[in-house]
Asks: 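Have a look at the structure that comes next, please.
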Amino acid sequence: MQREDTRLAMRHSRRALLWPGIALLCVVALWSFTLIKGRAETRNAELAAHKDASGYAEGYEQYITRSLVQMDQITMQLKQSWEQSGGQLHVEDLQRDGMFTDRAFLAVRIADSSGRIVTSTRRLAGPENIARADYFRFHRNNNSTSLSINVPTQQHDPIQRSIEFSRRLEGPDDSFAGVVVLTVAADYFTSFYSARTLGDEGMVTMLSTSGTLRLEQHGNASASDDASLLLGQPELPQDSGSRLLDGGSFSDGKARIFGWRRSRAYPVVAAVGLAQSEAMAAANTANLNRTQSAMLATLVLVLLGAWGRVMTQRALQRRHEEEEVRRAYRTATESATDGFYMAMALRNEAGQIRDFEIVDCNERGAFFFGVTRGELLGQRVSLMVNHLFAESLLQTYLAAMSSGYLEDEREMPADNRLNIGWCHRRLVRVGNGLAVTLSDVSERKRHEAELQRMANEDALTGLPNRHWLEEFFKHTLSQAHAAGHAVALLFIDLDEFKHVNDTQGHAAGDELLRQAAARLKSLLRPSDRVVRFGGDEFVVVISPADSDAHSSAVAERILQAFSQPFMVAEEKQSVGASIGISVFPRDGADAETLIRHGDIAMYAGKSDGKGQYRFFDPSLYKQIKSRTRLKQHLIEAIERDQLQLYYQPRVDTQTGQLCSMEALVRWIHPEQGVIPPLDFIPMAESNGLIVPIGELVIAQACAQLAQWRAQDLPLAPISVNVSPKQFSHGGIHRHLEAQLTRYQLPASLIEVEITESAMLGEHESILAQLAALRTLGVKLHVDDFGTGYSSLSQLQKLKMDVLKVDKAFTSQLGLSTEGRVFFQAIVSMAHALGMTVVAEGVETAGQLSILRDLGCNEVQGYYIARPMPAQEMAGMLQQHQALRA
Ligand SMILES: Nc1nc2c(ncn2[C@@H]2O[C@H](COP(=O)(O)OP(=O)(O)OP(=O)(O)O)[C@@H](O)[C@H]2O)c(=O)[nH]1
């Protein structure tokens with residue numbers, strides 16, 4: 001890994017140096033060219049300058065030679081004319097005739113052999129006798145007649161302002177006769193100079209080979225100027241040539257290219273100096289321009305190189321990071337169960353992504369595609385048509401590239417060889433590509449599905465639960481809305497289910513719930529749904545519900561089915577059902593409302609006597625409200641002692657003796673007067689208030705007995721009704737015992753009446769409570785016998801003392817033979833079991849007479865006495881006392 005890093009770093013640093021390297025090469029090439037070109041230009045310029053200087057020198061030499069030839073001829077002519085005239089030539093005359101008009105001819109003079117000027121075109125400063133002049137002495141002593149070039153004697157300047165040409169004059173005998181002298185302005189020989197051709201710093205100079213003569217012109221200054229540029233006599237080795245004289249050779253310190261040429265006819269040298277700076281100016285300017293351009297180009301190249309380096313480095317950095325990420329991903333996932341691959345985006349010229357290429361992956365990643373890593377690498381995504389996610393792969397990748405992140409899950413094809421149920425995919429944009437991880441989430445999915453199932457299913461019955469129902473309703477109601485059909489909700493609550501729990505135990509309750517669920521399911525169409533809503537509540541959904549009649553029919557079927565007892569733990573258990581029906585859309589537009597209204601309807605039905613179904617009606621709200629109000633009032637009534645006991649005597653059938661009295665509770669309402677028990681006892685039964693009312697009845701009965709005892713009235717036992725709910729609640733015997741003790745009453749003065757239904761099931765708890773009551777010495781009555789399902793043998797097992805036959809049977813006496821026969825049978829069997837028989841609801845003398853005949857022990861009913869307040873009862877007690885006395 002480290003070696004790979006080093007290799008990568010080296011490769012990257014090499015690439016990073018590419019641009020600066022190219023830039024450097026360009027700079028080197030540029031400067032090489034610039035320097036070579038500059039040098040060549042300089043060299044050419046120098047050569048050209050030398051050539052020019054030589055050329056100008058040649059031209060100057062010809063010019064000088066021509067001028068000197070002219071001087072030579074003039075002096076020769078004057079010599080000949082003077083000699084031929086025998087010394088009578090007057091140059092003044094010649095001047096007048098138009099000769100020597102040139103301004104350069106300063107003077108033409110002729111001196112005799114003594115040096116005296118004999119004729120002259122112009123009087124010059126200096127002595128009139130030139131016998132002492134060097135050239136005079138030269139000519140006098142030398143018989144050469146050639147032209148002599150002299151520097152005027154009065155001139156000592158380095159540059160002569162004029163020069164003198166002289167020639168020996170001879171007499172007929174060739175003896176020395178004098179000298180002809182031609183004084184010429186020096187600039188006559190230097191006017192060759194032109195600033196236009198030789199430059200402002202250029203110069204011409206004429207030098208005598210002896211070094212005595214030097215004429216010079218430079219710039220605008222002429223030879224007459226005092227300043228001389230050339231310092232000393234330069235060395236001019238050949239007849240002609242050119243050389244560079246450095247600044248030291250000139251008074252202005254400027255180097256010059258010096259061209260010269262020696263005159264073949266005269267002992268003079270013509271020289272031309274071209275200022276090096278001027279000669280090289282064009283080349284120097286070109287060189288300078290080129291150098292500046294090169295510098296500019298260098299700057300641009302340096303910037304380009306730097307920019308290129310920065311760009312390359314950035315690109316490399318990006319590449320490096322991408323590489324890092326890829327490596328990290330691969331390393332991280334290689335050993336894991338996750339699949340991983342990198343898909344690099346392929347773009348068109350416009351920069352749009354047109355495809356992806358798999359550039360890296362781990363073996364597991366390839367496995368998800370059913371191929372090996374080698375086979376997957378280099379694949380184009382657009383061509384991967386037979387693989388996982390294939391149909392939407394490109395689109396998904398494009399979406400991930402634009403959003404930067406994408407995550408999804410996919411159920412794998414059923415025939416996949418990988419044995420993967422569900423795959424989780426995560427795509428993360430990394431640079432110009434996507435890092436994709438794939439993981440097998442089958443296990444989690446299974447778990448989730450299980451949780452989902454558990455969340456939606458009731459564990460006890462296997463039915464869908466309330467949570468499921470809410471979800472289900474969302475779809476069902478919207479479908480029903482769209483289709484325009486109704487949906488009926490049947491809210492079912494089992495009646496007296498708690499009794500099963502209490503008497504048979506929770507497990508039995510569970511079993512009953514399971515059976516109830518199965519029973520419900522068996523009653524419905526497959527399209528209808530049964531839900532365990534909670535506790536002993538079930539919901540049936542009928543969709544579509546064709547009509548209310550249809551819902552009614554289903555409800556009736558259910559009621560009918562629940563009217564049959566369940567076999568639980570080999571015992572018959574009777575639980576009915578109460579049903580409330582709400583209908584979509586009439587009774588509610590959403591699940592919550594429909595359920596609430598179904599519940600209200602069920603509750604209303606249950607309050608009215610259980611075992612029935614009710615359609616929801618908005619007026620039920622009112623009922624529920626008034627029931628709630630009633631319950632509140634009843635609670636207040638208990639607290640304020642508004643519940644009072646009435647007593648209904650029970651007398652011996654034969655003797656008419658008072659045997660006992662039944663305590664019947666009445667609600668003495670301050671405004672409504674006496675409210676009969678039927679108006680509040682069922683409600684108290686259903687809402688649990690029956691328990692405190694039952695306790696209140698026992699307490700009042702005992703208090704009343706104590707009071708009568710205190711009044712010295714004869715006491716008869718009082719029987720109190722104990723409801724099944726009180727038994728379920730438990731502790732009756734303890735309460736009864738406490739009250740007997742409190743009022744110091746014998747247990748024989750209190751009898752307990754229990755309805756048949758309270759004893760159903762013969763379960764342990766009731767048996768124990770009944771046994772405890774009996775142990776106290778309390779007599780036990782079976783109330784409303786004939787309305788339940790108990791058999792006499794059951795009653796015997798429970799050791800009941802008194803059997804109170806329901807008034808429904810009493811009312812039959814005298815009306816039909818069956819009534820009498822039936823009653824006879826009960827009396828006979830009860831007597832056989834040692835039980836006392838009481839006929840309830842005796843209303844006529846005829847009934848009493850029959851009962852007497854049948855051997856019924858005691859009677860109770862309006863014929864004997866209506867229920868009466870304690871005071872009245874006290875009167876009756878007195879009467880009986882009197883009778884007995
Ligand atoms: N065995 C068993 N009992 C349950 C379960 N869930 C709730 N219960 C009991 O079911 C009873 C339902 O209460 P109620 O509907 O008031 O009892 P009920 O005897 O049917 O009363 P009514 O509906 O007025 O006839 C409560 O006692 C709960 O403790 C369960 O899963 N199993």
Side-chain angles (χ1 to χ4, degrees), residues 454 457-469 490-520 530-540 555 558-559 561-569 571-581 595-596 598-614 620 623-624 627-628 630-631 634 680-691 693-694 722-730 755 757-761 763-766 788:
M454 280 160 70
E457 191 180 286
D458 171 48
L460 180 68
T461 60
L463 291 179
N465 60 14
R466 179 183 193 153
H467 177 257
W468 177 88
L469 179 68
L490 276 63
F491 196 102
I492 304 162
D493 186 288
L494 302 187
D495 296 334
E496 308 300 340
F497 169 70
K498 190 168 181 295
H499 189 67
V500 179
N501 263 349
D502 293 343
T503 57
Q504 302 295 302
H506 218 75
D510 285 353
E511 175 55 26
L512 196 144
L513 288 172
R514 271 194 288 271
Q515 288 189 27
R519 202 174 275 190
L520 277 173
V530 189
V531 173
R532 181 170 178 220
F533 196 69
D536 62 347
E537 295 166 342
F538 296 87
V539 165
V540 167
I558 293 169
L559 292 181
F562 276 77
S563 71
Q564 303 302 313
F566 291 87
M567 277 305 286
V568 177
E571 295 268 358
K572 279 187 182 168
Q573 296 294 339
S574 295
V575 290
S578 298
I579 303 175
I581 304 172
I595 292 169
R596 194 172 68 247
D599 192 8
I600 287 170
M602 181 280 297
Y603 182 73
K606 194 165 273 226
S607 303
D608 278 356
K610 305 189 175 176
Q612 51 183 311
Y613 72 88
R614 272 280 182 90
L620 293 179
Q623 268 185 37
I624 285 173
R627 277 214 180 87
T628 313
L630 187 64
K631 180 181 175 186
L634 190 53
F680 65 94
I681 291 298
M683 190 263 285
E685 288 267 8
S686 65
N687 63 25
L689 282 177
I690 196 68
V691 174
I693 291 175
V722 176
S723 84
K725 279 257 159 56
Q726 281 174 276
F727 272 111
S728 302
H729 187 255
T755 55
S757 56
M759 301 179 303
L760 290 178
H763 45 80
E764 296 298 318
S765 149
I766 291 201

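Whatever order the structure lists ligands and atoms in, that order sets their numbers, starting from 1.
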Asks: Enter the distance from I492:CD1 to E537:CD here, rounded to the nearest 0.5 Å.
Replies: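 If we round to the nearest 0.5 Å, I492:CD1 and E537:CD are 10.5 Å apart.
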Asks: Please confirm whether R532 approaches ligand 1 to less than 4.0 Å, judged on its heavy atoms.
Replies: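 In this structure, R532 qualifies as a contact of ligand 1 - some heavy atom is under 4.0 Å.
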Asks: Taking E511 for the side chain and A569 for the main chain, is one N or O donor matched with an acceptor at less than 3.5 Å?
Replies: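 No; judged by distance alone, with no hydrogens or angles, the pair does not exist.
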Asks: Starting from the C-alpha separation in whole Å, work towards a yes-or-no answer on side-chain hydrogen bond (donor to acceptor under 3.5 Å, both in side chains) for S578 and D493.
Replies: CA-CA 5 Å; S578 298; D493 186 288; over 6 Å; no
Asks: Under a 4.0 Å heavy-atom limit, does L513 contact ligand 1 with its side chain, its backbone, both, or neither?
Replies: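 L513 to ligand 1: side-chain contact only, backbone stays beyond 4.0 Å.
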Asks: Among all protein heavy atoms, pick out the one at the shortest distance from atom 2 (C) of ligand 1; state its residue, atom name and that distance to 0.1 Å.
Replies: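 Nearest protein contact, heavy atoms only, for atom 2 (C) of ligand 1 is D510 OD1, 3.2 Å.
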Asks: Could you check atom 9 (C) of ligand 1 against the protein and tell me its nearest heavy-atom contact, residue, atom and distance included?
Replies: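 Answer, as residue, atom name and distance: N501 ND2, 3.3 Å.
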Asks: Which residue supplies the protein heavy atom nearest to atom 7 (C) of ligand 1, what is that atom called, and how far is it?
Replies: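 It is G535 CA, 3.3 Å.
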Asks: Please write down residue, atom name and distance for the protein heavy atom closest to atom 14 (P) of ligand 1.
Replies: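 For atom 14 (P) of ligand 1, the nearest protein heavy atom comes out as D536 OD2, 3.9 Å.
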Asks: For the ring-ring contact (aromatic ring centres under 6.0 Å, His included) test, which of F538, F491, W468 pairs with F533?
Replies: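 Going through F538, F491, W468 one by one, the ring-ring contact (aromatic ring centres under 6.0 Å, His included) with F533 is satisfied by F491 alone.
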Asks: Which value, rounded to the nearest 0.5 Å, describes the distance between T628 atom OG1 and N687 atom CG?
Replies: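 That separation rounds to 9.5 Å.
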Asks: Can you name the one residue among L513, V500, L512, L494 that meets side chain to side chain contact (heavy atoms under 4.5 Å, CB included) with F566?
Replies: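 So, applying the side chain to side chain contact (heavy atoms under 4.5 Å, CB included) to F566 and each of L513, V500, L512, L494, only L512 qualifies.
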Asks: List ligand 1 atoms under 4.0 Å from F497, heavy atoms only on the residue side.
Replies: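 Numbered from 1, ligand 1 contributes 1 (N), 2 (C), 3 (N), 4 (C), 8 (N), 9 (C), 10 (O), 11 (C), 18 (P), 19 (O), 20 (O).
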Asks: Where is the nearest protein heavy atom to atom 23 (O) of ligand 1: which residue, which atom, and how far?
Replies: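 The protein heavy atom lying closest is K606 NZ, 2.4 Å.
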Asks: Find all atoms of ligand 1 within a distance of less than 4.0 Å from any non-hydrogen atom belonging to H506, and give their numbers and elements.
Replies: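 Checking each atom against H506, I get 1 (N), 2 (C), 3 (N), 32 (N).
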Asks: Who's closest to atom 25 (O) of ligand 1 heavy-atom-wise, of H499, E496, Q504?
Replies: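 That would be E496.
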Asks: Rounded to the nearest 0.5 Å, what's the gap from CD1 on I690 to CG on L634? Could you check?
Replies: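 Going from CD1 on I690 over to CG on L634, the span is 8.5 Å.
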Asks: Is the closest basic N to carboxylate O distance between R532 and D458 below 4.0 Å?
Replies: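 The answer is yes: the pair qualifies as a salt bridge.
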Asks: Does ligand 1 have an atom under 4.0 Å from some heavy atom of E537?
Replies: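 E537 does not count as a contact of ligand 1 under the 4.0 Å cut-off.
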Asks: Just which atoms of ligand 1 are under 4.0 Å from any heavy atom in G509?
Replies: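 In order of numbering, the contacting atoms are 1 (N).
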Asks: With heavy-atom distances below 4.0 Å as the criterion, list the atoms of ligand 1 near D493.
Replies: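 With D493 as reference, the close atoms of ligand 1 come out as 15 (O), 23 (O).
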Asks: Would you confirm whether any non-hydrogen atom of the protein falls under 4.0 Å from atom 16 (O) of ligand 1?
Replies: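 False for atom 16 (O) of ligand 1.
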Asks: Between E685, E511, K610, flag the one that comes closest to atom 24 (O) of ligand 1 by a heavy atom.
Replies: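 Nearest option to atom 24 (O) of ligand 1, by heavy atoms: K610.
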Asks: Between the main-chain N or O of V568 and the side-chain N or O of E571, is there a donor-acceptor pair closer than 3.5 Å?
Replies: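 Here the side-chain-to-backbone pair does not exist.
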Asks: Quick one: do R614 and M602 satisfy side-chain contact (heavy atoms from CB on, under 4.5 Å)? Show the steps, please.
Replies: CA-CA 6 Å; R614 272 280 182 90; M602 181 280 297; over 6 Å; no
Asks: So if I count the atoms of ligand 1 from 1 in the order they appear, which ones are less than 4.0 Å from some heavy atom of K498?
Replies: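 Numbered from 1, ligand 1 contributes 17 (O), 18 (P), 19 (O), 20 (O), 27 (O).
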